[in-house]
Amino acid sequence: MVKKYKNYFLYDNILLFSVLILCVIGLTMIFSSSSVLSESKFSYLTRQAVFMAVGVLVMLVTYKININLFFKMRYIFIFVSILLLSLVLFSPWSKSAGGARRWLYFHYFSVQPLEFVKFTLLIYLSYFYGFKQDKIDKFSVGILPPLVLTLAFCTFLFLQPDFGGAVFLLSVFLGLAFVGGVPLRYFGGLLGLGIGGVVLAVLQAPYRLERIKAFLNPFQDPYDSGYQLIQSFYGLVNGGIWGVGLGESKQKFFYLPEAHNDFILSILGEELGFWGLSLIFVLILLIFWRWIVIFLRQQDLERRLLAFGAGFILLWNMYLNLGVVLGVVPPKGIPMPFISYGGSNLLLSFTLVGLLLNLSKRGQS
Amino acid sequence: MSLKHRLKAKDKSKHRFGLVAVVFFLLTLGLWARAFWIQIWWAPEIKARFSNHYFVEKKVQGYRGKILDRNGVVLAQSVQTFSVFARPYEVKSASSVAKQLARILELDSKEVLEKLQKKNSFVWIKRKISDAKAAQIKKIFLPESGIYLTTEFTRVYPQGHLLGQVLGFTNIDGEGLEGLEKSFDKVLQGKEKQFVAFQDGKGRLIKYTFLSPLLAGKDLVLTIDTRVQAFAEDILEKSVQKFQARHGQLIVVEVDNGEVLALANYPFFNPNLFYLSTPQERRNRAALDLFEPGSTAKPFLLAAALEKKVVKPKSIYFCEQGKWKLDNIVIEDTHPYGWLPVNKILRYSSNIGAGKIALELGAENYYRFLAEFGFKDKVDIPLPGLSESLLRPPYKWNRVDLASAAFGQGWATTGLHLVQAYLAIARKGEFVPLKLLRSPTVEQEKGRRIFSVQTGKQLLDMLWEVVNQEGTGKLSKLEEVELGGKTGTAQKADLKQGGYKEGVYTSSFVGLLPARNPKYVVFLLLDEPRKGHYGGVVAGPGVKEMSLRLLSVDHSLLPSTTVPAKTKHVFSQEIKKEVVWKNRLPDLRGQSVRRAMDVLISQGLIPQLKGQGLVVRGQKPAPGVELKKNMQVELLLGES
C-alpha cells in the first residue's frame, strides 16, 4: 500500500510559501500597528520574529518526526493538556485578566494551554477514528470515549471561563467525528447537545447575551459593547479599495483595541484596502487547495483524518478571526494564524503546517 | 480491526470531507464578499457616521508676557507647570487610584474618589503641582491608567511681595484680575492660535507643535527700580511697625522725567499667594486711598500766592499767637507765633499764616492752581480704578473753607496726586505727569509750565529751610546731602459723625533730594500712627533713611565722588554672600531668588525660572561652567 516517495524540498512548496508569505505580512502589520503602543518601536516586532523562528523550528521538527510517534504519544499529550488546564485554573502562574484566567504567565512569555489542547484533541481523535472503525457503530465504545474527553476539556475551558475556546474544541470534535465516519443518526443528538450547551452558557452568564446583542446591532451602543466591532468597521471603511497606505492607519492610534492582535486584519484592511485583504483570501484558498490535495493523497485513514483535522483547525481559526473582524461572528479572542501577534497560536499553526507537510511526503509518487 | 471496515471508512471520509470542503470554500467566498461589501459598498454610509472624529480643533495660547523693572529684573513671569487630570471612565479600581493620588498630592482621598466617579470625560484632580510631584505621578500612573499630566502656565512673581499691589495677579486661568496684570491683560496675554490636530483614541494629541515664541504676549517694562523698591518696602515696613500705624505708603519719583522708581504699600501683598490675601492687603493705597493732605498742601498755596504776586518771601503776617477766630471757628497753630514772614510760615507750618495768605489769594486763584498741580484729574498712570481727588468747586467755599484748604483740610487726594504735584515744584514750575511704564509707551500729556522758575527757586529755598533751619522737618536733616521737604499732619475726618476724629491723624512727609536742585521726590505716609502723630516725627525719619539708600544707589547725589563710610555700610547690608564669578557660573543654590536674579542680571543673563518658591534649589548649567554670551540659565525654585 505504501508508495515510495521522492525527496522534495519540504514536499509541498505551495503550502509552505503561502504560510511564509502570511508570516511576512504578519510581521509587517505587527510592526505597523504596534509601533505606536510601546516606547521602543521594535519591541513587538522582535518578539514576534523570535516566536516565528521558534515556530519554523517546531514546524521542521514536526515535519521530520514519524507520524506514528505522535499517535503513540497521545496519552502523554492528554496528560500534559490536563496538567496545563489545571495550572491555569489553580496555579499562581495564571492571572485573572478581564475576569478570565486563560493564560499561564512565565517570566519572559505566556502560554495559552487551549492551543496545545487543540493539538492533543487532533492527535487523539485522528487516532481514535482511524483505528476504531469496527466499533464506531457502538455508542458506548465508538462515541462515548472521544465525547467524554472533549467534554472534559470543555469543562476546564468553561471554568476559565473561555466559552469560545470550548465551542472551538466541540467543533473540532464534530468535524473529526463527521469525517471519521460516525453514523449520521448520532449527529442529531450531538447537535441538540451543542445547542443546549450554548443556551445554557448564555443563560449562565448574561454578558454573553449582551455581546451577541451588540454584535447584531453594534451601532446601538457604539461606545461600550459595540465599540470594538464598530472600530473594526471604521478601519475597513477607511481603507476602502486601495487602503490608506502602509503605516498610515489612524485606527491603530488606540481607536481599535487589540490592533496588533485579534483585529490586525482590520488594520491591514485599512492600510492596504480591499486588495490587501484579497491577498489574504488568495493565500487562504491556496492553503485550502493544498489541504484537499494532501488529504486525498493519504492512504491510511488515521493519516487522512490527521490531514483533515490539521487543515480544519488552521482554516477554522482563520475563518473565525475573519468572521469577527468582518462582523459576522461575535467577538471571541481568536487570533489570525501567522498574522496576529502572539506565540501560542503561532506555534500551534506551525505545528499543524508541519504535520501537513509531513503527510505530504506520502503519495507524491 | 478489519481491512474491510477501514476501506469503507476511507470512502466515507472522502465524501464527508468533500462536504466539509464545499462548506469551507463557500465560507471563504462569503467572507471575501463580506469584506467587499463593507469596504466598498457600505463604506460611504459608515464614513458619514464618523467623518473627522480623528481630528480636533485645538487652541494654544502663547506665554503671557513678563513684567520687568527698568533694569530688566523680572517681576512677573509665566512658567510651565504640570497639572493632573483624569478621564474617569478609563480609571479602573478608582478607590486605590484615589488613595495614591491623595497621598502624592496631599488631597483628601474621599474628594478625589468623588471626582474619579463622575460621569465626565474630563476632570481636574489638581492644577499646578510641583515638578517633583509630577515626576512621581508620571512614575506611578502608566498611560493606560486614566490619570494624565498636562502643562499649564503658572504666573510666578519671583520677587515675592515686592511691588505686589501694583503688579496685581492673575487667576488660575491666567487672566489678570488686579493691578497691572489687569489693566494690561490684553497686552500681556499670549496670542491664541487655532489649529487642527490628530487625536488618538484616548483623546491625546499626536505630533503637534505646541508653543511658538511668536505667540507670546508683550512684556511690560516698568520705570520701577527693584533695588529702590526693595529699600522702600523695607523702610516702610519698619516705619509702620515702629509707629504702630494702620498702613502706609512710600513713593519715590525721579524728577528728571517723572518716572516712578518705587511705589510701596504696607501691609504687603504677595501675588504668588493671592488666594491667602485680603482685599485690604491687595489695595494699592497710594493710587486709591483719599486722605486730607494737611500741611503738605501749603507749598501749593505759596506757589499760587508768589506767582500771583500776592505775597513776597519777606511779606509778614500776624499769626495771632496761635489762636485765630474766623467766622465762629477757631484755627489753631501747634505753637503760638506772632509776626511771621512767609518763609517761616512754611518753615514752622503755621496754619493761621497760611489761612491769612489764602484769604488774600482768593478761592478762585487757589483752586485754579490746585487744578494746575493736577489735583482735578486722575493721575495718568495705567492702573485699574484710580481715584479722583475730592475737591469742591471754589464757589462753594466760604472763608473758613478757604482758610482750611490752605493747610490741606477740607479736601482729599491720593498719594500719587501729591507726589505728582511736588514733582512740579521740584522741576521749578514745570508740571509733568507721573510715568510708571517704559514699554509699551503710552500717550501722556507733555510737560507744561505752571509757575515761573523764580517762584520755583523761592519755594525750594523755603522747603530747604523746613529741614535745615530748625523747621518742622528738622529730624530729617542729612549730613551728606541737603534734603528739602514738607511735613503733613492731618486730622482724619470722621465720616460718620462729621467733623474730625480726636487724636487720629494721617502723618506724612514729602522729601526733595537734594533740596535746591532735586533729583528725587520721596513721599512717606503713615495712616493713624499710634505712637506720635507729627509728620516730621513719624514720617520724617523714614524719608531720611530712604534718602540715604538713594545715595547708595545714585552716587552722583554726593557732593564729592568719595563714598562716605555710612552709605557703604548701607550698601553692604544687601550683599550677604560674596559671589565669585571669574568667568564661570557661580553657585546660586540656597540664595534667594532676588539675589540670584540680581547676580545673573548683572552679567546680562536673564534666567528661566522653573517651579515655585522663593529660594533657588538647583541650577542648570551646574556651577563652574564657563560663561558664554546669551547662555541659557535655568533656576529650579523651591520652598525654603
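The analysis underlying the following values was restricted to heavy atoms, covering all of them including side chains, and did not include hydrogens, waters or symmetry mates. By convention in this document, chain letters (A, B, ...) are assigned in the order of the sequence lines, proteins followed by strands, and residues within each chain are numbered from 1.
Contact annotation for A:Phe288: only side-chain heavy atoms (C-beta onward) come within less than 4.5 Å of a heavy atom of chain B. Contacts between B:Ile38 and chain A at a heavy-atom distance below 4.5 Å involve backbone atoms as well as side-chain atoms. Heavy atoms of B:Phe25 lying under 4.5 Å from chain A belong to its backbone as well as its side chain. When heavy atoms are compared at a cutoff of 4.5 Å, A:Leu176 does not approach chain B at all. Residue A:Ile284 touches chain B through its side chain alone, counting heavy-atom pairs closer than 4.5 Å. Heavy atoms closer than 4.5 Å to chain B are found in the side chain of A:Leu277, but not in its backbone. A:Phe178 touches chain B through backbone and side chain together, each having a heavy atom under 4.5 Å away.
At least one side-chain heavy atom of A:Leu296 sits less than 4.5 Å from a side-chain heavy atom of B:Lys14. Annotation: side chain of B:Lys47 is in contact with side chain of A:Asn238 (closest heavy-atom distance under 4.5 Å).
Ranked by heavy-atom pairs under 4.5 Å with chain B, the first of A:Ile292, A:Val179, A:Leu265 is A:Val179. Considering only heavy-atom pairs separated by less than 4.5 Å from chain B, the leading option among A:Val325, A:Leu184, A:Ile280 is A:Leu184. Residue with the most contacts toward chain B among A:Gly181, A:Pro257, A:Gly175, A:Gly235: A:Gly181 (heavy-atom pairs, distance under 4.5 Å).
Side-chain polar atoms of B:Ser13 and A:Tyr129 form no donor-acceptor pair below 3.5 angstrom.
Annotation: the span from A:Leu326 atom CG to B:Trp37 atom CH2 amounts to 11.0 Å, rounded to 0.5 Å. Taken from OG1 in B:Thr28 to CG in A:Leu322, the straight-line distance is 9.0 Å, to the nearest 0.5 Å.
Checked against the 6.0 Å centroid threshold, B:Phe17 and A:Trp291 count as a close aromatic pair.
By a heavy-atom distance cut of under 4.5 Å, A:Phe312, A:Leu315, A:Trp316 are the residues of residues 309-318 of chain A near chain B, going up by number.
The neighbour count for B:Trp124 CH2, taken as heavy atoms of other residues, nucleotides or ligands under 6.0 Å away, is above 12.
The aromatic rings of A:Phe281 and B:Trp32 sit parallel to each other, their planes meeting at less than 30°, with 60° as the upper class boundary.
Using a distance-only test at 3.5 Å, with no hydrogens or angles considered, a donor-acceptor pair links the side chain of B:Gln39 to the main chain of A:Leu236. For the pair A:Tyr319 (side chain) and B:Phe24 (backbone), a donor-acceptor distance under 3.5 Å is present.
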